[in-house]
Amino acid sequence: RRSCEGPRREVESRSRKRSMPSTSHHDACAAPGPKPSVARHILHIVADDLGYRDIGYNNAAFSSPHLDRLRACGVHLDQFYAFKACAPSRASLLTGRYPFRIGVYQNADIDAGGVPSNFTFLPELLRRDGFATHVVGKWHVGWRTPEMTPTWRGFDSFLGYWHCCNDYYTHHFPDAVPNVTTAPTGLLDLASATRDGGPPSAAREFEGVYSSLLFGNVSSRIVRAHDARRRLYLLLSFQAVHGPFQVPDHFVRAAPPGSKQRTLFGMVAAMDAAVGHVIAALRDTKMWSNTLVWFMSDNGATPGRGGNGELRGGKFGLWEGGVRVTAFVGGPAVNDGAADRSWRGLGHIADVLPTLMSAAGLAPPVADDTGPTPMDGVSLWDAIRSNGSSPRTEVVHQILNQYNARDCYGADHDAQACGAAIRVGRWKLLLGYPGDARPSDVRGGYDKWTEMRLREQRGAAAATAGRQALAMARADGC
């Protein structure tokens, strides 16, 4: 058995050396001036379904020079966790809570209702301290009523998708998505809104524009129009690399000869190009020197559609490949001239809210002021900057109770993972069925462990389904 503190370090170190450009990053990362004591501006980038190995700085088969440079001159978050699926991860990010604290166990809970309105989102907290706040891209934390939409939840403006799975060019939700019945089908799922402009409206003028490039261009325009005397929080929430798998041909043509993932390569390259446009806008407006960049994926790669390297399993599963995501903190706020740094402390997506507030020089919120349940997130900022120990000693990936045991019976598209899991220190406890345990690049069928669990679960009562198996493993699996 291997722990995440052992061989993983050597493997990841070798992969980074292969993927980094040959020029000296110690020279390229030289800080242009004193590191700011606080971040005046925050660029928060979230990729969708990006595998741990599906990015240039972890895999030389992919091209992402802008993100590679940010990563090289920033701090890699080596043991950073999200939820196993899109919507609960985003809910956790914006509230500072584990998803189950806000009644969210799966995507369907968001599709049916959204995050309860008695929870205060991160942008609203930042606005109270003078930030301008904007979100571009995928929302997926509620859209049934105006009160669930971004400009009611603390953002000054929004342009993007309510849901998942849209066509990258037409921006229509597909006419038929298996087991997803709560979203409008065959409709344009691209909307825009401003805080003073009333309810969101359809953004039909962008039909035919590839979404990653659209989101990058809109974000760049927001930056260029921003008064740099005011602080800025920009959430750039990409649809990429979630399906459907679409990308302009010229990004695919740049893929290495013989690549088996040409479309995925192109989608990553297009996302990276969009990031490059936003960074250029920050530089041109003289905002870059006081900017913090936080980059992360919302979960691991979908099995058969991306790669999580040596991490077992993928999206919808509680194994490491589903929940341990690629993430880093970059920009001048953390650049001290050193290159290729990694912080090996334990972190969770719920920690983003208090960490960004600390990075901005603001006191993390008190739980009673932001919602009816305890705040699970803790600030990692001091530990990241000093390369110190994490204040977090455990991560609760999921609990199993009467509200989500129904997942074992295929009630919705999250049914492939009806288990629970917790990591404490170097150990991980898995309960019930934690998902397909095979590497994420394996397609079709089930692994033997899964077949055994499915046989044992047939006919079992929902209340006891999650207690039929118990596995204990190190964080890298057993």
Show, in sequence, the C-alpha distance, side-chain angles and deciding distance for Glu310 and Arg53, and conclude whether the salt bridge (Lys or Arg N to Asp or Glu O under 4.0 Å) test is met. CA-CA 9 Å; Glu310 291 193 341; Arg53 289 271 292 163; over 6 Å; no
Can you confirm whether or not the ring centre of Phe251 sits under 6.0 Å from the ring centre of Tyr210?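 Ring-ring flag for Phe251/Tyr210: false, centres at least 6.0 Å apart.
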Please find out if less than 6.0 Å separates the ring center of Tyr57 from that of Phe328.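 For Tyr57 and Phe328, the ring centres are under 6.0 Å apart.
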Output, in order, the C-alpha distance, side-chain angles, deciding distance and verdict of side-chain hydrogen bond (donor to acceptor under 3.5 Å, both in side chains) for Tyr52 and Asn59. CA-CA 9 Å; Tyr52 201 91; Asn59 188 345; over 6 Å; no
Would you find a donor on one side and an acceptor on the other, under 3.5 Å apart, between the side chain of [X] and the backbone of [Y]?
X	Y	value
Trp139	Gly142	yes
Ser92	Ile349	no
Asn107	Ala87	yes
Trp381	Met357	no
Arg127	Asp129	no
Asp272	His66	yes
Arg153	Val115	yes
Thr291	Met287	yes
Asp48	His242	no
Ser64	Gly56	yes

Between Thr370 and Thr120, is the side-chain hydrogen bond (donor to acceptor under 3.5 Å, both in side chains) condition met? List the steps. CA-CA 5 Å; Thr370 60; Thr120 303; 5.8 Å; no
Which residue, Leu43, Val275, Leu67, forms the side-chain contact (heavy atoms from CB on, under 4.5 Å) with Phe295?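 Testing each of Leu43, Val275, Leu67 against Phe295, the sole residue satisfying side-chain contact (heavy atoms from CB on, under 4.5 Å) is Leu67.
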Anything under 30° is parallel, anything over 60° is perpendicular, the rest tilted; go ahead and classify Phe155 against Tyr233.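 Rings of Phe155 and Tyr233: parallel, under 30°.
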In terms of the angle between their ring planes, are Phe265 and Phe62 parallel, tilted or perpendicular, with boundaries placed at 30° and 60°?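 Taking Phe62 first and then Phe265, their aromatic rings lie parallel (interplane angle under 30°).
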Working to the nearest 0.5 angstrom, can you tell me the gap between [X] [atom1] and [Y] [atom2]?
X	Y	atom1	atom2	value
Leu126	Thr133	CG	OG1	7.5 Å
Ile110	Met148	CD1	CE	8.5 Å
Arg40	Leu232	CZ	CG	10.0 Å
Ser358	Asp382	OG	CG	6.5 Å
Ser237	Asp298	OG	CG	7.5 Å
Ser297	Phe238	OG	CZ	12.5 Å

Check the pair Tyr98, Gln398 against side-chain hydrogen bond (donor to acceptor under 3.5 Å, both in side chains), reporting the backbone distance first and the verdict last. CA-CA 8 Å; Tyr98 288 131; Gln398 179 63 301; over 6 Å; no
Trace of the side chain to side chain contact (heavy atoms under 4.5 Å, CB included) decision for Leu292 with Leu356: CA-CA 9 Å; Leu292 173 74; Leu356 290 183; 3.7 Å; yes
Does either side chain, that of [X] or that of [Y], offer a donor lying less than 3.5 Å from an acceptor on the other one?
X	Y	value
Arg71	Thr326	no
Thr355	Asp351	no
His277	Asn217	no

If every non-hydrogen atom of [X] is compared with every non-hydrogen atom of [Y], which pair is closest and at what distance?
X	Y	answer
Cys164	Lys138	CB-NZ, 3.8 Å
Pro364	Ser379	CG-CB, 4.4 Å
Ala301	Asn308	N-OD1, 3.1 Å
Ile102	Arg97	CG2-CB, 4.3 Å
Phe121	Thr95	CE1-CG2, 3.6 Å
Val141	Arg90	CG1-CB, 3.6 Å

Give the C-alpha distance, both sets of side-chain angles, the deciding distance and a yes or no for side chain to side chain contact (heavy atoms under 4.5 Å, CB included) between Leu235 and Val136. CA-CA 6 Å; Leu235 174 57; Val136 179; over 6 Å; no
For Lys84 and Asn299: C-alpha separation, side-chain torsions, deciding distance, then whether side chain to side chain contact (heavy atoms under 4.5 Å, CB included) applies. CA-CA 5 Å; Lys84 60 189 173 71; Asn299 47 251; 5.7 Å; no
Note, Ile279 side chain near Trp288 side chain (heavy atom, < 4.5 Å):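 Contact flag for Ile279/Trp288 side chains = yes.
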Side chain to side chain contact (heavy atoms under 4.5 Å, CB included) for His44 and Met296? Distances and angles first, verdict last. CA-CA 8 Å; His44 188 180; Met296 58 175 291; 4.0 Å; yes
Given the rule in the salt bridge (Lys or Arg N to Asp or Glu O under 4.0 Å) test, do Arg341 and Asp78 qualify, once you have shown the distances and angles that lead to the verdict? CA-CA 10 Å; Arg341 292 185 294 152; Asp78 183 66; over 6 Å; no
Of the options Glu394, Gln79, His397, Glu320, which is the one that meets Arg423 in a side chain to side chain donor-acceptor pair (under 3.5 Å)?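 Of Glu394, Gln79, His397, Glu320, side chain to side chain donor-acceptor pair (under 3.5 Å) with Arg423 is met by Gln79 alone.
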Where do Asp49 and Arg305 land on the salt bridge (Lys or Arg N to Asp or Glu O under 4.0 Å) test, with the steps shown first? CA-CA 9 Å; Asp49 289 7; Arg305 297 180 182 176; over 6 Å; no
